[in-house]
Amino acid sequence: MYALVDGNNFYVSCERVFRPALQGRPVIVLSNNDGCAISRSNEAKELGIAMGAPWFQIQQDPSLRDAGILALSANFCLYGDMSNRMMSIAAGLGPEQEIYSIDESFVGVAGVRDLTRRARTVRDRILQWTGLPCGIGIGATKTLAKLANHVAKSADRRPGSYPAEFARVANLAELPASDLDAVLAATKLGEVWGIGRRIGAQLQAEGLHSALDVARLDAAMVRRRWSVVLERTVRELQGQPCIAFEDVAPAKKEIACTRSFGRPITALHDLVEAVSEFAARAAEKLRRQASNAGQVLVFVHTSPFRRQDRQYSKSITVPLRRPTADTALLTASAVRGLHAIYQPGYKLAKAGVMLLDLQDAQVEQGELDLDDPGADRGRLMAAVDAINVRHGRGAVKLASVGTAGSARRWTMRQDLRTPDYTTRWSDLPQARA
DNA sequence: TCTGGGGTCCTAGGACCC
DNA sequence: TCTGGGGTCCTAGGACCC
């Protein structure tokens with residue numbers, strides 16, 4: 001049995017903790033480059049602002065302007081720190097926890113007594129201790145817990161959509177079968193975890209509309225006609241656990257750092273800076289999980305939205321002589337790849353570096369090293385990481401990422417950013433009497 | 001003018017092997 | 001007239017998630 005603890009409108013809620021004046025107003029948080037809406041307050045949702053709606057279009061809409069829509073640049077340092085606080089409280093709900101995303105965690109609750117009341121306590125505690133509102137859904141499988149969470153939030157936001165007792169905390173696990181069916185029947189199949197736009201449309205075309213319709217499908221038939229993935233979803237809806245609980249996060253199999261530029265970029269030297277920066281960031285993540293990369297992929301492309309421009313999109317995978325987590329080696333390979341795919345004359349909108357073929361750094365092929373006898377780059381990298389943790393990102397870096405004198409024209413726009421209230425001494429909020 | 005970033009898994013088809 | 005069977009590995013693309 002599982003509980004899913006999920007923050008409401010998470011990024012917006014994080015911002016509201018430190019700016020209470022935003023309560024009750026239509027607020028959105030924007031993606032990098034202030035591109036599109038990635039988190040919306042309930043008020044913003046009511047105004048019809050879609051997930052992923054471009055900010056420049058929202059700004060052009062007079063009715064949204066009149067409604068006083070307020071946008072903020074994403075502040076991921078803040079959200080990550082607030083997430084840690086929420087997660088550590090949510091962990092108190094049961095013996096094991098899987099942190100599924102920045103705002104969601106599954107908690108194994110088998111054997112927990114007085115579960116519904118306890119979940120309400122944890123929900124209130126998260127709100128009181130962090131200021132973040134959340135919903136908790138409980139079900140026999142992860143898919144049912146997800147669905148229960150949807151029920152908890154809907155019953156809270158739109159009275160009448162589900163029975164009021166489910167508001168904020170919905171425990172579907174202790175429901176009689178007929179009551180569970182009624183909840184599934186009231187839930188559109190598109191709300192089910194694992195059913196996206198494409199599969200959802202195919203199921204609708206078959207005359208299926210609710211989660212209950214999907215739960216009643218024959219699992220073997222679903223496997224034949226669709227896939228084992230959808231089969232698992234069907235079985236999970238039927239109460240049979242098929243999706244493993246992962247209380248220790250498995251190591252990533254690939255690590256990426258990709259960014260849209262703040263403005264179109266054409267010059268190679270700007271791209272070298274950007275790609276060097278992305279490679280360094282990716283390498284930091286790589287070392288954090290104690291892996292080495294066997295290959296580096298680098299890509300660039302123009303903006304697919306600018307139909308009037310000549311389009312260009314190219315990537316290349318550069319194999320490394322041996323797996324490494326050394327920023328200098330990874331950066332050199334990424335930049336070599338960049339030179340190979342660069343074509344002048346295009347207005348490039350985005351570039352990225354991906355580290356592939358990741359393997360445990362402990363498992364290294366023994367080798368007679370004639371090139372580089374005695375060099376211990378691992379210790380060098382550890383020292384660089386330690387300095388950057390202590391003195392801030394980029395305190396020690398390769399010169400190719402751009403020095404004080406370079407323009408760094410490619411960096412992203414963030415015009416509406418709030419302070420790092422919880423992770424930077426100089427940004428600490430001040431309380432006034 | 002202005003449209004995010006970072007992942008995972010599965011499947012089909014081709015290349016290749018004996 | 002008549003042209004096997006079984007298997008692995010890799011890649012690209014699709015679909016999904018937040």
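What you see below is based on every heavy atom in this structure, not just the backbone, and it leaves out hydrogens, waters and symmetry mates.
Side-chain rings of A:Tyr2 and A:Phe245 approach one another, their centers coming within less than 6.0 Å.
At whole-Å resolution of the value, CD1 in A:Ile58 and P in B:dT1 are 18 Å apart. For the pair A:Leu297 CG and B:dG7 C1', the interatomic distance rounds to 15 Å; values are reported in whole Å. In this structure, A:Phe76 places its CZ atom 8 Å from C1' of B:dG4, rounding to the nearest Å. Rounded to whole Å, the distance from CD1 on A:Ile38 to P on B:dG5 is 10 Å. A:Asp415 places its CG atom 18 Å from the P atom of B:dT1, with the value rounded to the nearest Å. Counting to the nearest Å, the C1' atom of B:dG6 and the CG atom of A:Leu358 are 13 Å from each other. In this structure, CG of A:Asp309 is placed 12 Å from C1' of B:dT1, rounded to the nearest angstrom. Look at CD on A:Glu246: it is 11 Å from P on B:dT8, rounded to the nearest Å.
Residue A:Lys350 places at least one side-chain N or O under 4.0 Å from the OP1 or OP2 atom of B:dG5. In this structure, A:Ser260 reaches the B:dG5 phosphate: one of its side-chain N or O atoms is under 4.0 Å from OP1 or OP2.
Of all nucleotides listed (B:dG4, B:dG7, B:dC2), B:dG4 comes nearest to the side chain of A:Ser31. Taking every side-chain heavy atom of A:Lys253 into account, B:dT8 is the closest of B:dG7, B:dG5, B:dT8. Looking at the side chain of A:Lys285, the nearest of the listed nucleotides B:dG6, B:dG5, B:dC2 is B:dG6. Among the nucleotides B:dG6, B:dT3, B:dG4, the one closest to any side-chain atom of A:Asn32 is B:dG4.
Taking a cutoff of 4.0 Å between a charged side-chain nitrogen and a carboxylate oxygen, A:Glu277 and A:Arg259 do not qualify as a salt bridge. Under 4.0 Å is where a charged nitrogen must lie from a carboxylate oxygen, and between A:Arg390 and A:Asp385 no such pair does. A salt bridge between A:Arg417 and A:Glu15 is absent, with no side-chain N of the basic residue lying under 4.0 Å from a carboxylate O of the acidic one. Under a 4.0 Å N-O distance rule, the pair A:Arg16/A:Glu43 qualifies as a salt bridge. A salt bridge links A:Arg85 with A:Asp81: the closest approach of a Lys/Arg side-chain nitrogen to an acidic carboxylate oxygen falls below 4.0 angstrom. Salt bridge present: A:Glu98 and A:Lys142 bring a charged side-chain N and a carboxylate O closer than 4.0 Å.
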- line: Once base and sugar-phosphate atoms are separated, protein heavy atoms under 4.0 Å mark nucleotides 9-18 of chain C, 5' to 3', with B, S and - as ------SSSS
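Comparing A:Gln60 and A:Cys257 along DNA chain B, the residue whose closest nucleotide (by nearest heavy atom) sits nearer the 5' end is A:Gln60. Of the two residues near DNA chain B, A:Arg413 and A:Lys252, the one whose nearest nucleotide lies more 5' is A:Arg413.
Aromatic ring pairs are classed by plane angle as parallel below 30°, tilted from 30° to 60° and perpendicular above 60°; the pair A:His150 and A:Tyr162 is perpendicular.
Among the heavy atoms of the strands, none lies under 4.0 Å from A:Arg263. Using a 4.0 Å heavy-atom distance criterion, A:Arg306 is classed as a sugar-phosphate-only contact. At the heavy-atom level, A:Arg232 lies under 4.0 Å from the strands shown only through sugar-phosphate atoms.
Rounded to a whole angstrom, the distance from the P atom of B:dT3 to that of C:dC18 is 25 Å.
Under the Watson-Crick and G-U wobble criteria, each requiring two contacts below 3.5 Å, nucleotide B:dC18 is paired to C:dG5.
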